[in-house]
Amino acid sequence: MAVDYVLEDLMGKLGEFGKYQFLQFFLQVLSGLTAGMHMLSLVTVAAVPEHRCFIAGVDNSSLSVTPWNSSDILAAIPLKPTGELESCLMYDPTSPGTNTTIKCESYVYDTTYYKTSRTIDWNFVCDRRWMGAIVQTVFMLGVFTGAVTLGGLADKVGRKTVFCWSALFQLIIGVGVAFIPEYFSFMVARYLLGIVGSAGAYICGFVLTMELVGPTKRTVCGITFQAVFAGGIMLVAGWGALIPDRQWLQVIYGLHGCLFLGHWWWLDESPRWLWMQGRAAEAVDIVAKGLRINGSGIPVDKEYYVQKAKQQAAAEEKSSAGLSDLFRTPNLRMKTLNVCLCWFANSLVYYGLSLSAGKLYGNPYLILFIMGLVEFPSYITIVFVLDRLGRRSITSTLMLGGGLCCIVAAYIAQGSTTSTAVVMAGKLLIAGSFAVIYNYSAELFPTVVRNSAMGLGSMCARLSGALTPLITLLDSFDPKIPAVLFGVVALISGFWVMFLPETMNQPMPESIEDGENFGKGDTWFSQCAGRKKRQNSVYPDDPEQMVPLKNIERK
């Protein structure tokens, strides 16, 4: 599949990142803010406060103000080995003095931090705790569905169309879900919010950016999307600390969709997508608009580009390559499986640590805010080192470090400053590797199946994201199990990443054959052993690789 030099010449006139790209990027990156907010909104809206059994004759409501360390409470509820009150058990009042315990029939909740939540409304604790986890899982399945369906739809009807409709439904559902009183209807609404809130707008916004900015700015812009997503997590904490009522809190989260109300008029369609759809005239008009805003004064010969697009469309052979080609040849198959595990592991640990914010001791809003804040040093560092140290070494190192942090945190006393610090360090490291894998995946796979490969990786990430809330339920058997499981998966994937080829400063493969030959024999171990590096091009005999855009003659 040859490079479309006419299209690259047209897009090259815009430059790498001018005023026009900045304005469009600002509109696009807002989708990351709302995606992060909706992804973790249940941490506050459906928060799980400290709870204990309701003691008749002592408590008068589920929000009783009776001190938890009073003699009446201590006489009615047993203590855990840690000295805390049992959350789900009480002494059998019909068998006094026998220390026989029974399950709670109703509960009292600690209102120090949470005045209301879906968990309090529906008693999603103890043997009903799984019902709360299912809600988050259903949301992640919505994100999975959106990644699978809306990505393909955007290729057919346009990035802007899917972005704007997703943003509109995100506003409607994001506000409406606050007023749903019934559990199953609430799950359906959360599922739909996952499709449009953290998949539709976010994925289309990311693709629009990657197709508009110059190659040297894609790393910075891609990392910025991740940073704005973390900013959405911080907003979840900020609004949660200010608004005690869970219904109004969800309304505020949903109203952030108003940020997109002007996008239908201000946001432009991707010129690359328009060009590939045979709508070259519209693509040229958008580039000309960008040149005016950038103030470059470069003229655009619209008739020339439209004519060239027609000639190319008539001569172009459609590629039949698809998802199955990723598994057809041995080297490409191993790279595909490796990358899929990498996406799965990064998502598993990232959301596992994010969702655990409410389980760390201390102010849960402050902890969640710091959970988002700690990602920024990682993103800033990656922007400076990614094109110096390489994708493979950074991804592997960060995943191994993040996995170790998970395992270490599991064996440190919960609630200690050290434990919280280790969890935060793990979040910082895994956020960095999660950001790099986007760029790394795009560079590893050939052009003819690159979109399919990215979609497959994203599907693996959404699948692990859906499993994460269920895995956290395993702490009912042993509090260490979820963190150790997260850590082991990260360590396995981080080690296997060492067998991937390095893509820094390497030309991207184009055909399936290029993808199969790309990186053969190039592993971290062969590099350390000092073996001769592979050639810098997967197609050394292609003279077009040496043709600069500015020398293309207009025929």
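Under the 4.5 Å side-chain criterion, counting only non-hydrogen atoms from C-beta, Phe179 is in contact with Val251. Counting heavy atoms from C-beta on, the side chains of Met371 and Met424 come closer than 4.5 Å. Tyr20 is listed as a side-chain neighbour of Asp268, based on a closest heavy-atom distance under 4.5 Å. In this structure, the side chains of Tyr183 and Val135 come closer than 4.5 Å at one or more pairs of heavy atoms.
Side-chain atoms of Ser347 do not come within 3.5 Å of backbone N or O of Trp343 as any donor-acceptor pair. Using a distance-only test at 3.5 Å, with no hydrogens or angles considered, no donor-acceptor pair links the side chain of Thr503 to the main chain of Tyr440. A distance-only check finds no donor-acceptor pair linking the side chain of Thr468 to the backbone of Val349 [under 3.5 Å]. When atom types are taken as modelled, the side chain of Asn338 and the backbone of Met334 share no donor-acceptor pair closer than 3.5 angstrom. A donor-acceptor contact shorter than 3.5 Å is absent between the side chain of Gln136 and the backbone of Ala133. Within the 3.5 Å criterion, the main-chain N or O of Ala466 finds a donor-acceptor partner in the side chain of Thr137. Distance alone, capped at 3.5 Å, is enough to place a donor-acceptor pair between the Thr119 side chain and the Ala46 backbone. Put simply, the side chain of Glu16 never gets that close to the backbone of Val213: no donor and acceptor are under 3.5 Å apart. Of the possible polar contacts, one joining the Arg128 side chain to the Trp122 backbone as a donor-acceptor pair under 3.5 Å is found. Arg272 places a side-chain N or O within 3.5 Å of a backbone atom of Glu211 that can act as its donor or acceptor partner.
Distance OG1/Thr161 to CH2/Trp273: 6.5 Å, rounded to 0.5 Å. One distance of note links CZ of Phe124 with CH2 of Trp130; it measures 8.5 Å at 0.5 Å rounding.
Side-chain N/O atoms of Tyr350 and Glu375 include a donor and acceptor closer than 3.5 Å. A donor-acceptor contact under 3.5 angstrom links the side chains of Arg190 and Ser41, judged on distance only. Between Tyr351 and Ser464, the side chains place no donor N or O within less than 3.5 Å of an acceptor N or O (distance only, hydrogens not considered).
Residues passing the side-chain hydrogen bond (donor to acceptor under 3.5 Å, both in side chains) test with Asp245, sequence neighbours excluded: none.
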In a table with atom names and distances, give each donor-acceptor pair under 3.5 Å that connects a side chain of residues 228-237 to protein atoms at least two apart or in another chain.
none

